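Here is the structure we will look at, set down as structure tokens.
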Amino acid sequence: QVQLVESGGGLVQAGGSLSVSCQFSGRTFTNYAMGWFRQAPDKEREFVAAINWNGALTYYADSVKGRFTISRDNAKNTVDLQMNSLKPEDTAVYYCARGNPFWTGANHYRADEYDYWGQGTQVTVSS
């Protein structure tokens, strides 16, 4: 059974940094791409970043490009999201997700490209 558990959320001032992490358990971690999505109150869930199985390819939403960095450690079964220069509009619940077996990268921003999701961790950026 696949489980994804996020950690590391919290409260930070605008301009600050925060890192969130996702621990994967269950099937072989290295077989799958991973992604981060977020959902702010009264908004739809949106894509943030994704990384392919070996970390060679990364993808970012335009809104976070240059500020956020996704990485993975296949030895530890973790995927991290380092967030710098945070803005109040980054406030959301952040979810990690596993790419489905057909994930190719072309549609990395689509939620239906991911089949398992964590419970989410709250990130709040104060102005």
Side-chain angles (χ1 to χ4, degrees):
Q1 182 177 355
V2 174
Q3 283 191 317
L4 302 173
V5 179
E6 299 96 337
S7 62
L11 173 65
V12 64
Q13 287 188 331
S17 298
L18 200 62
S19 180
V20 290
S21 185
C22 175
Q23 181 71 54
F24 175 102
S25 61
R27 300 289 179 88
T28 305
F29 180 65
T30 54
N31 287 355
Y32 301 96
M34 297 294 296
W36 283 97
F37 287 72
R38 66 187 181 187
Q39 187 166 17
D42 300 322
K43 291 189 175 181
E44 293 188 354
R45 190 172 297 190
E46 64 174 2
F47 167 77
V48 176
I51 189 166
N52 78 326
W53 70 274
N54 65 357
L57 298 174
T58 56
Y59 307 85
Y60 296 95
D62 287 344
S63 59
V64 307
K65 201 171 293 183
R67 300 188 297 122
F68 289 14
T69 302
I70 188 171
S71 62
R72 66 189 295 161
D73 187 334
N74 285 346
K76 296 181 179 179
N77 287 3
T78 57
V79 57
D80 296 332
L81 185 68
Q82 175 66 42
M83 302 179 288
N84 299 327
S85 302
L86 282 160
K87 305 174 182 179
E89 51 264 43
D90 294 317
T91 294
V93 177
Y94 283 71
Y95 299 90
C96 72
R98 189 193 80 167
N100 67 36
F102 307 103
W103 191 98
T104 61
N107 293 315
H108 58 269
Y109 54 90
R110 293 173 57 102
D112 59 4
E113 291 287 298
Y114 301 83
D115 53 6
Y116 288 93
W117 295 78
Q119 82 290 347
T121 185
Q122 177 70 47
V123 172
T124 303
V125 184
S126 63
S127 57

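The basis for the numbers below is simple: all heavy atoms, side chains too, and nothing from hydrogens, waters or symmetry mates. Since this is a predicted model, take the numbers as computed values, not measurements.
Checked against a 6.0 Å centroid threshold, the rings of Phe37 and Tyr114 count as neighbours.
In terms of modelled atom types and a separation under 3.5 Å, the side chain of Arg98 and the main chain of Val2 share no donor-acceptor contact. Listed for the Gln23 side chain is a donor-acceptor partner under 3.5 Å among the backbone atoms of Lys76. Checking side-chain atoms of Glu6 against main-chain N and O of Gly120 turns up a donor-acceptor pair under 3.5 Å.
Around CH2 of Trp117, the count of heavy atoms belonging to other residues, nucleotides or ligands within 6.0 Å exceeds 12.
Counting all heavy atoms, side chain and backbone alike, Pro101 lies closest to Asp115 at CD-OD2, 3.6 Å.
Neither Tyr95 nor Val48 shares a network with the other; the hydrophobic side chains, linked directly or stepwise wherever heavy atoms of I, L, V, M, F, W or Y lie under 4.5 Å apart, form separate groups for each. Linking Ile, Leu, Val, Met, Phe, Trp and Tyr whenever their side-chain heavy atoms come within less than 4.5 Å leaves Phe47 and Met34 in two separate clusters. Trp53 is not connected to Trp36 by any chain of hydrophobic side-chain contacts under 4.5 Å among Ile, Leu, Val, Met, Phe, Trp and Tyr, and they are in different clusters.
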Pairs under 3.5 angstrom only: tabulate donor-acceptor contacts from the side chains of residues 81-88 to other protein residues two or more places apart or in another chain.
| residue | atom | partner | partner atom | Å |
| --- | --- | --- | --- | --- |
| Gln82 | NE2 | Asn84 | OD1 | 2.9 |
| Asn84 | OD1 | Ser17 | OG | 2.9 |

Return a table of donor-acceptor pairs under 3.5 angstrom between the side chains of residues 58-65 and protein atoms on other chains or two or more places apart.
| residue | atom | partner | partner atom | Å |
| --- | --- | --- | --- | --- |
| Tyr60 | OH | Ile70 | N | 2.9 |
| Asp62 | OD1 | Lys65 | NZ | 3.3 |

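The structure places OH of Tyr116 at 11.0 Å from CD of Gln3, a figure rounded to the nearest 0.5 Å. The NE2 atom of His108 sits 10.5 Å away from the CG atom of Leu57 when rounded to the nearest 0.5 Å. The line from CD of Gln13 to OG1 of Thr124 is 13.0 Å long, rounded to the nearest 0.5 Å. Taken to the nearest 0.5 Å, the CH2 atom of Trp103 stands 13.5 Å off from the CG atom of Asn31. Taken from CZ in Phe102 to CG in Asn107, the straight-line distance is 14.0 Å, to the nearest 0.5 Å.
In this structure, Tyr94 has no ring-ring contact (aromatic ring centres under 6.0 Å, His included) partners at least two apart in sequence or on a different chain. For Asp90, the salt bridge (Lys or Arg N to Asp or Glu O under 4.0 Å) partners two or more places apart in sequence, or in a different chain, are Arg38, Arg67. Residues satisfying the side-chain contact (heavy atoms from CB on, under 4.5 Å) criterion with Ser7, sequence neighbours excluded, are Ser21. Shown here are the salt bridge (Lys or Arg N to Asp or Glu O under 4.0 Å) partners of Asp73, two or more places apart in sequence or in another chain: there are none.
In this structure, Arg72 forms no cation-pi arrangement with Phe24, as its terminal cationic atom is not both closer than 6.0 Å to the ring centre and no more than 45° off the ring axis.
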*Between Thr91 and Gln122, does a side chain to side chain contact (heavy atoms under 4.5 Å, CB included) hold up when you go through it step by step?*
CA-CA 8 Å; Thr91 294; Gln122 177 70 47; 4.0 Å; yes

